[in-house]
Every structure is written in structure tokens, then in C-alpha cells.
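Each chain gets a letter, A, B and so on, in the order the sequences are listed, and its residues count up from 1.
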Number of protein chains: 2
Amino acid sequence: MKWDDLADQPCSIARSVAVIGDRWTLMILRDAFLGVRRFEAFQTRLGISRTIITERLKLLVDEGVLAKVPYQDRPVRHEYRLTQKGLDLYPVVMAIVHWGDQHYAGQAGAPLLHRHKACGCDFAPVMTCSECHAPVGAREVETRAGPGAA
Amino acid sequence: MKWDDLADQPCSIARSVAVIGDRWTLMILRDAFLGVRRFEAFQTRLGISRTIITERLKLLVDEGVLAKVPYQDRPVRHEYRLTQKGLDLYPVVMAIVHWGDQHYAGQAGAPLLHRHKACGCDFAPVMTCSECHAPVGAREVETRAGPGAA
DNA sequence: GATGGTTCGTCCAGAAACTGAACTTAGGTG
DNA sequence: CACCTAAGTTCAGTTTCTGGACGAACCATC
């Protein structure tokens, strides 16, 4: 299997991973959620090749995760903003952050804190069931083929 | 920045991405959550180079995400099982699945359904606040530096 | 005891991806 | 005019990934 074949698999993970499943794309998304919007800012913060920034931003724009919008004319300059589809990735990003906090935070603690504006508390993301609203763990779920299976 | 430098960043995303942020690693984890345990099974299901399977499984074992346990002697054969640290990745995997279901499922619907044993319903994962238990969206969160910041 | 099968790898040459550094474009500043 | 910014593009050299062959250790069958 090649990278490009992933998008054609009858699997939501494969199709998502085809878009976001690469080191730099995930780092770009992290920065996007932290408010970074400009090419130069992504490049400076990540310290990676401009080629890769160009390529990954283009992929994310093509997939509708980011939108490229001009913020000035003469010369025209663009910034990259998360679309709704991009914002929908927030649970993915937070789940990754939380796993890192759990298993890779030093004794100093988490590098970032997240405050839920509605209740005012620093929080951790908890995955719950959309039907009964209880927290869900890996062993409490049965997986089976759905209507979109091969 | 090089790939190996990611693990040293004061950022839980970077540290997690250093372990799981690569296409094939995420696909291996998907299969692991679906019950796949053996080298040959991973290789056959993914159809990728055996070299990569070897390398990724080794990384995941070194990181404590998978455990390599013998299931027979003469000849000794191992299988790869999710550890607790690996099971802790379930919210990450489910968040990715859900995003794929939302944005890449065809008209046929989701390729896989997930039933919550406790309530018996097929469900979607919902990210909620650990403190007030309400669902949380990207715009309802303020992020700031924590104790483990650089 | 020779042949073939299973499982879990290793090795290698060629292809693809990534890197750093220089260059381009289109304008703005002093 | 010389220098600066933002957003890329181009390119040679390096690293990583790929498919396919090969190896090791055992089992089954004839």
C-alpha cells in the first residue's frame, strides 16, 4: 500500500490519516489552534523546510481544513484560518495533548493548561458516549461493520 | 527541526506526535484496537513493507504502547498487545474515526459502528469537560502556559 | 529425510520524501 | 538607491520508504 491509497480505504481512520496523519501536518494544526495564521509564523515556530510548510498548507487548504484568506492587498498577503471542518479536529488535538500530558509530562507538569470558559475550570478532555453521556473506555466498546463497509 | 527533536519539545502534542504521528503507526494502532496482534497479520492487512512493520512495532514496544509477549515456544513466537498506555490512546483513535465519519463517509455511511456495552447503543465520541461534564468545542477554551512550559 | 509451510524477521537497491540554502516576486521604508 | 518583509519556488544532497528476496527456526507430510 502507498500513502495515496489510504484515502480510498473503506475506513474512517485511513481516510483521516491520509489528511492529518503526518508529523508536520499535526504540528501545523497545533499551531493553528494556538492562533498561528501566517506562513512565516508557521515556518519560524516549526523551524522546518519552507517546502514542507508550503506543501502541507496546500494539502490542508485543498481538503478544506484551512482556508486561505487575503488580509491585505498590494502586495496581496494571505493567512490560513481553520474552517469548521478544521475546528472539528479539536477533539483529535485535545485527545493527543491529553495523552502526552498523561505519559510524557515531566515532574514539572503539563506545558499547557486549558480553561473551559463556561465553567471557568482548567480541564482535561473526557470521551463520553453520545447516547448515555457516560465516559467510555476502550474495553467497553464493541466494534462491527457499518453501512459504509467494503 | 528534525523528527527526533520533536520528543524534546516542551509540548505534549510534539511529544505524542514523535511516537504516534506517522501514517503507518496510526494504522497499526487502528488494527491493534481491532484485535490484531501478530506481525504477519499487521503486514497482510496493511500491505506495506515488512521493514516498516518491524520498525514501527519496535518503536511502539520501546515506548510502552505495545507489549511483546510470547504465545508459544519452539519456535518462540510473539504477539503485540496494547498496554494500558496503549489503551489510553483510545480517545485519540476514536476522535480520528469520528472526524473521518463526519467528513469522509460516503452516502453509504460509516464503515464501522461502535456499540457502548454499558448502554447498548451505537454511539459517537463526545469530548466533555472533566470538571463540569459539558461538551466542549474549540471556541470555548482558553489555553495558557502551564507549569511544565519551557 | 526431503519438500513444503508458517512466523518473524533482515538485507538491499531503487524510489520517494525531506533538508537547508539560495533565489523570486511584489511591494514598503528611509 | 539600498535594504526590508511576506510568501513562496527551485535545487542538490541526504534521509527514509518501498518491494522483493533471503534467512532462521521450527512443524507436517510423504
- Task: Can you check whether any acceptor in the base of dA7(D) is under 3.5 Å from a donor in the side chain of R38(A), or vice versa?
- Result: no
- Query: Is the NZ or CZ atom of R56(A) both under 6.0 Å from the centre of the six-membered ring of F42(A) and within 45° of that ring's axis?
  - Reply: no
- State whether the distance check finds a donor on one side and an acceptor on the other, under 3.5 Å, for side chain T51(A) versus base dT9(D). no
- Do R77(A) side-chain and dT5(D) base share a donor-acceptor contact under 3.5 Å? yes
- Does the side chain of D5(A) pick up a donor-acceptor pair with the side chain of Q9(A) at under 3.5 Å? no
- Message: Measure CD1/I53(B) against P/dT16(D) and give the value in whole Å, please.
- Response: 19 Å
- Query: Using a cut-off of 4.0 Å on non-hydrogen atoms, how would the nucleic acid contact of Q72(A) be classed: base, sugar-phosphate, or nothing?
  - Reply: nothing
- Separation of atom NZ in K58(B) from atom P in dC17(D), rounded to whole Å: 15 Å
- Distance, rounded to the nearest Å, where E55(B) contributes CD and dT16(D) contributes C1': 8 Å
- Item | Y71(B) six-ring face occupied by R38(B) cation (under 6.0 Å, within 45°) | yes
- Query: Counting heavy atoms not belonging to R144(A), are there more than 12 under 6.0 Å from its CZ?
  - Reply: yes
- Query: In terms of the nearest nucleotide of DNA chain C, which residue is placed more toward the 5' end: V76(A) or G47(A)?
  - Reply: G47(A)
- Message: Can you identify which nucleotide, out of dT19(C), dC26(D), dC8(C), has its nearest atom closest to the P75(B) side chain?
- Response: dC26(D)
- Task: Using only side-chain N and O atoms of W24(B), determine if any of them is under 4.0 Å from OP1 or OP2 of dT18(D).
- Result: yes
- Provide, to the nearest angstrom, the distance between the CG atom belonging to D22(B) and the P atom belonging to dC18(C). 11 Å
- Message: Could you tell me how far apart L46(B) (CG) and dC17(D) (P) are, to the nearest whole angstrom?
- Response: 15 Å
- Query: Taking the side chain of R56(B) as its heavy atoms from C-beta onward, which of dC18(C), dC17(D), dC8(C) lies nearest to it?
  - Reply: dC17(D)
- Short side-chain N/O contact from R50(B) to OP1 or OP2 of dG23(D), under 4.0 Å: no
- Task: For the residue pair Y90(A) and E140(B), confirm or rule out a side-chain donor-acceptor distance under 3.5 Å.
- Result: no
- Message: Within the structure provided, determine whether C11(A) and V17(A) are in side-chain contact (heavy-atom separation under 4.5 Å).
- Response: no
- Would you indicate what E79(A) reaches in the nucleic acid, counting non-hydrogen atoms under 4.0 angstrom: base, sugar-phosphate, or nothing? nothing
- Message: Between K68(B) and dG9(C), is there a contact of a side-chain N or O with OP1 or OP2 at under 4.0 Å?
- Response: yes
- What is the distance from CD1 of I52(B) to C1' of dT15(D), rounded to the nearest Å? 12 Å
- Task: Considering just the side-chain nitrogens and oxygens of Y80(B), establish if one lies under 4.0 Å of OP1 or OP2 belonging to dT7(C).
- Result: no
- Message: Just the rounded figure in Å: distance from C1' of dC18(C) to CD1 of I48(A).
- Response: 9 Å
- Expressed in angstrom and rounded to an integer, what is the separation of L59(B) atom CG from dC17(D) atom P? 11 Å
- Task: Would you classify Y71(A) as touching base, sugar-phosphate or nothing, given that sugar-phosphate means primed atoms plus P, OP1 and OP2, and contacts are heavy atoms under 4.0 Å?
- Result: sugar-phosphate
